[in-house]
Structures are given as structure tokens and as C-alpha cells.
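In what follows, a structure is listed as C-alpha cells, so that the remarks can point back to it.
Throughout, protein chains are lettered first and strands after them, A, B, ... in sequence-line order, and every chain is numbered starting at 1.
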Amino acid sequence: MLHDVFTPSVQHVLDIAGIFVFAISGALLAVRKNFDVFGIAVLAEVTALGGGLFRDLVIGAVPPAAFTDLGYFLTPLVAALLVFFLHPQVERTQFAVNVFDAAGLGLFCVAGTTKAYDYGLGLTASATLGLATAVGGGVLRDIVANEVPSLVRWDRDLYAVPAIVGASIVALCLRYDALNGYTTGLAIVTAFVLRLLAMRYHWRAPRAWNRRSAAAEDAA
Amino acid sequence: MLHDVFTPSVQHVLDIAGIFVFAISGALLAVRKNFDVFGIAVLAEVTALGGGLFRDLVIGAVPPAAFTDLGYFLTPLVAALLVFFLHPQVERTQFAVNVFDAAGLGLFCVAGTTKAYDYGLGLTASATLGLATAVGGGVLRDIVANEVPSLVRWDRDLYAVPAIVGASIVALCLRYDALNGYTTGLAIVTAFVLRLLAMRYHWRAPRAWNRRSAAAEDAA
Amino acid sequence: MLHDVFTPSVQHVLDIAGIFVFAISGALLAVRKNFDVFGIAVLAEVTALGGGLFRDLVIGAVPPAAFTDLGYFLTPLVAALLVFFLHPQVERTQFAVNVFDAAGLGLFCVAGTTKAYDYGLGLTASATLGLATAVGGGVLRDIVANEVPSLVRWDRDLYAVPAIVGASIVALCLRYDALNGYTTGLAIVTAFVLRLLAMRYHWRAPRAWNRRSAAAEDAA
């Protein structure tokens, strides 16, 4: 679908850009966790490719794109090297990294939904896999780094909601046969802007009602 | 096989019931870990569908049932919402939740073994996948929540053994061509009752012989 | 490819040996973490079969070898029982275990690369999957045990590099059509010896340049 919308090379450049910024976020966490250079590379690869790899295994697209497109595999290594040598400078550009990460989130939730639908999944399943494509790499990153996934922590700005909205827009467009370059771009931009707003205004998701004890606060 | 034994709708109702109670256990852990509402939903989905997803990927049943049956996907969300709004009440019914979880364990180990065998795997591999279907979701739940899996902890009541027994009964019946409604029911009930007894009498599995130091006790 | 090189039975014996020593390392960690007997068995299976399982899912070789070859499944259980009853004696032979683990590393990186190439993947992807086959089980072991993976920790002797070198030798030989019994053996032995040297001389990989604070040292 997207292939009708964007030319393959535009699509590919956007994919690589998304992979690159996700890899940067993985490599930065690896440096913060004091991993060695291989740990940095592993975490960059896992963060950048994990979500798409999960989607491809589920829809039966084997071997997954992560293993058939050399650019997908090499991009995280470039990001890892960059962070390895220049991480204080990269951390100083944390704002830019966050903006790119938001762009990656928007792109991946849309691309993931479209690819799953192309492989014959239903609309709800496709949107779910779009969400999984966008956030899966970050969850795997945190699991490998032995941390509670940032995605599920209450004290982090909204991350899932922008991806859910983007994936849902695509699913609705597919349902009403209205997916084209404009609506695809709209879905990407909506998710991107929502994530930027969530970071700017520190939007957070609620925790369970009626939590009985404040002790849980510390245990989290 | 099971499809010959139970009518599809009975089978489906049992599946949904098992998914629901597993999802409740995931959602409750998420509340205890102080996750936000998305964390609760993620942990409910992972716990309820993780074991079957792993089984389906291994046997090549793609896309997995978790992504083709809308009921499988929506049920954990209902469980997550219920826990989100009513978790003190749900926790007060912990005993009921445990009983249903035991029922889910019995059902999933039997259904998992049968499905793997239907896909051409050997008896031992089928029983192993039955076990993985029953306990896999819980292991994934604990990994995402950044805890040592309850399954492998020595200070938890037996959980694997009932599932192993249930899966083995099914495998033996398949071996001797004796799988029917009665033997299937027997396998489910046996696993269910064994798990209830393990909880009632706090049956535990032994740790390694000749552990040299009690210091390990604290480190666990 | 390897099947042309070694007779199937030699290949199978080497596979089982590699699985056995990886399982020992998983079982020993389970004992150290104070898991019960099922935890020991689970960690032995995950460590021994996890890397190959990941490779087989990625290349679409389903059901994976871990579920079709009974020997692959039973070997880790034997290792788990051995460690369960005799772990002080097994720990006393830690040096021997390490040597065997190095042999497993060499064998698995070569076998993984060859199998991925046989399934039509490119040279870089094949070498990457060879690396993943060799180190994947250990990463999964540490994730299930809720530890930071040994692979990415800066204070552990080089583990990835020997596997990368072994897999790269195989990929180069495949590229220049020079894979035969001698070059396969050379790749295995090179990875094996490099890992032994890394342990003997405590070779370590560098961490990121310009780390600003020594505080990270403690947080690791």
C-alpha cells in the first residue's frame, strides 16, 4: 500500500531514518548502563529492528526485512559507532534525538499497520502490529538492559497513545478505502505531533483507580 | 483433535475463559508494579496470549490465533479495564482468580499439546509446547515486569508439574489413540486439581542438592 | 553445507556436545540464583536451545530443530539433572566447563552461519545469525534469570568477538566458494582458541569514549 503512495526509494529513506534514530536511543541507554562497545551495538540493533522483526515473524514474512536489507542491519552499527565516539555531544542534542524518535514512532506505526494489512491480517490486528512495530524495539531494548520498560512506566510521557492514534487512522482509511499519500502523511504527522506535545506538556497516562497504598510508589 | 471432541463454540468459550483469567493475573501484577493504564493493558495481553503466540510461531501457524481471532485480542483489554477500575475488589477475590488461573493452566496445557500434535510435531515436542502454552504467558509477564519468573522461583507453589502431567496425559492418549472427550476432560481436570492441591498444601519443588551456602537464600 | 563436510553423525555428536555444555552453564546459573529443579531445567533448555530456536524462526525453518530432534530436547534435561545432584563437583570443574563452552561457541557460530546460508540468506545476514545462534542462548538465559546479559557487560572477557571471527571466516569461505572440511574446522578452532585466549588474558572490549562520570561504574 505504502508502495503505491510513496516511491520505494522515499519509503526506504524514511525507514532508514526511523531505524537510525531508534538505534541512537538504544546506544545511548547502553552507554548509560556502562555496556561495552558490543553491548552498544547489540542494544542499537535490538532497539532499531526488534519491533519490525516481531511483526515480520507474526505475519510470516520470513526471512524478516531486518535480515534481507543490508541497510537495515548496517544503519544501527553506524549509530552505535557515532554514540561510542561522540556520546557527550549526542546527549547534548537529546532534544533533537527526541524529535527524531517521535518521527520514527509516527513512521513505524503507519508502516507496520500497512505491511500487516498487506499480509492479510484484519484491521484491528494490523493496527496492533503497527503499534508493536513502533514500540516493540524500545520494549526489547529495556528488557535486554534489565530495566522496567519505559513504555509501561507511569512516570514517562505518553508514548503508546500517539502510535495507537496513527495506526488507527491508517486502519480507518483502509476500512473506508481512503488510504493515499495525503491520509498516510496525515497519520504519520498526527502521531509525530501528538508525541511532541506529550513531551512538551508531560502528558501522562493514569494509573489504576483506588490504589490503596502509597508504598507502591517507592517499589516501582 | 479437540475440535472433534468439543464443539467449536464450547472450545472457544473455554479458550476465552482461560485468556481472561490469565489476563487478570497480568493486570494485577501491573497494578502492583505501579504501571500506567497502558502498562496494565500490555501486561494483560502478554500474559494471556504470550504462551499461545510462542507455540504458534514454533509450529508455523502464522498469523497466530492471537492476531486472527478478535475475541482473543479484546478479552485481555476487558480484563485490564476491570482491574484498572476495580482492582481492590479483584484482589479481594484473589482466591477466585487463583482457581480460574488453575483452570486456565489445565485447559491451555491440553489445548497446546493437541494443537502442536495436529501440526505434525512428535509427542514429546507436543507435550513440551503444551507446557509452554500454559506457562509461557506468565514467564513473559514476569520478564516484561522485570521480575524473576514466578515459574522458576523455589518459594512458589508447584505450577509446572500440573501442566506437565496434563500435557503428558494427552500425549499418552494420542500415542495409544485414546484421545476423546473423556480423556481430554480427565487431563484438564487432573492438571486443574493438582494445581489446586499444590496451592492448598504449598507443595514446592526441591532446589539443588548440597547447596553449600545459605547466603544464596538472601540473594534469590 | 556442513553436511557435505562432516558426516551427519559427526555433526550431530558435535551439536549435542555444544548443547550439553551450554545447558550446563544455564543450570549452574539457576543454582546460583536459587531456582528450584524446574527452574534449573528451564534455564538449561533456554540456554542450550534459545540461539538455534531464534535462528530457525528467522529463517523460517519451522518447526525448529529444537522441537524435531528428541536428542536436542533431552540433552539439556540430562545436564540439568547432573547439576541438580552434583553441582558442587560441577562448579569445581568450572575450568573444564569454560573450555567446553568455548568449543560450543565455536561450533554454533559456524553451524548457525552455514544453516542460514543454506536457507538463502545473504552472507552478512548469515554471519549475523551465526553470531546470534552462538550467543543468543546465553542472552536469553540472563534475561530469564533477570540479570544484565553477560554478553553486553564491560567487565566480562570477550565473548562476541570470537564468534564474529568464526562466523566471518565461514562467510568469506562461502563467498569465495572455499568452504570445505579444512576451512570449516579452521573457523571452529579459530573461534575456540580466541575465546580461550580472551579468558586466559582477560581481554575486554572498550566502553564508550569520554564517559563523563565514574558514577556510572557503580550503577552498572
For the [atom1] atom of [X] and the [atom2] atom of [Y], what is their distance to the nearest 0.5 Å?
X	Y	atom1	atom2	result
B:Leu121	C:Thr68	CG	OG1	8.0 Å
B:Leu151	C:Asp36	CG	CG	7.5 Å
B:Arg207	C:Phe35	CZ	CZ	12.0 Å

Exercise for the section: Using heavy atoms and a sub-4.5 Å threshold, report which of residues 70-80 of chain C line up against chain B, by residue number. Expected result: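 Expected list: C:Leu70, C:Phe73.
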Handout entry: Inter-chain contacts: residues 37-60 of chain C against chain B, heavy atoms under 4.5 Å
Key = C:Val37, C:Phe38, C:Gly39, C:Ile40, C:Val42, C:Leu53, C:Leu57
Exercise for the section: Keeping to residues at least two apart or across chains, list the salt bridge (charged side-chain N to carboxylate O under 4.0 Å, His left out) pairs with something in residues 163-172 of chain B. Expected result: none
Problem - Toward chain C, the part of B:Ala160 with a non-hydrogen atom under 4.5 Å - result: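 Just the side chain, heavy atoms under 4.5 Å.
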Problem - Within 6.0 angstrom of B:Phe20 CZ, more than 12 heavy atoms from elsewhere - result: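 Counting neighbours around CZ of B:Phe20, more than 12 heavy atoms of other residues, nucleotides or ligands fall under 6.0 Å, so yes.
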Practice task
Could you pull out all residues at least two apart from C:Phe95 that satisfy side chain to side chain contact (heavy atoms under 4.5 Å, CB included)?
Solution key: C:Val99
Handout entry: Pairs of heavy atoms under 4.5 Å with chain C: top-ranked of B:Val152, B:Thr128, B:Val161
Key =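 The residue among B:Val152, B:Thr128, B:Val161 with the greatest pair count is B:Val152.
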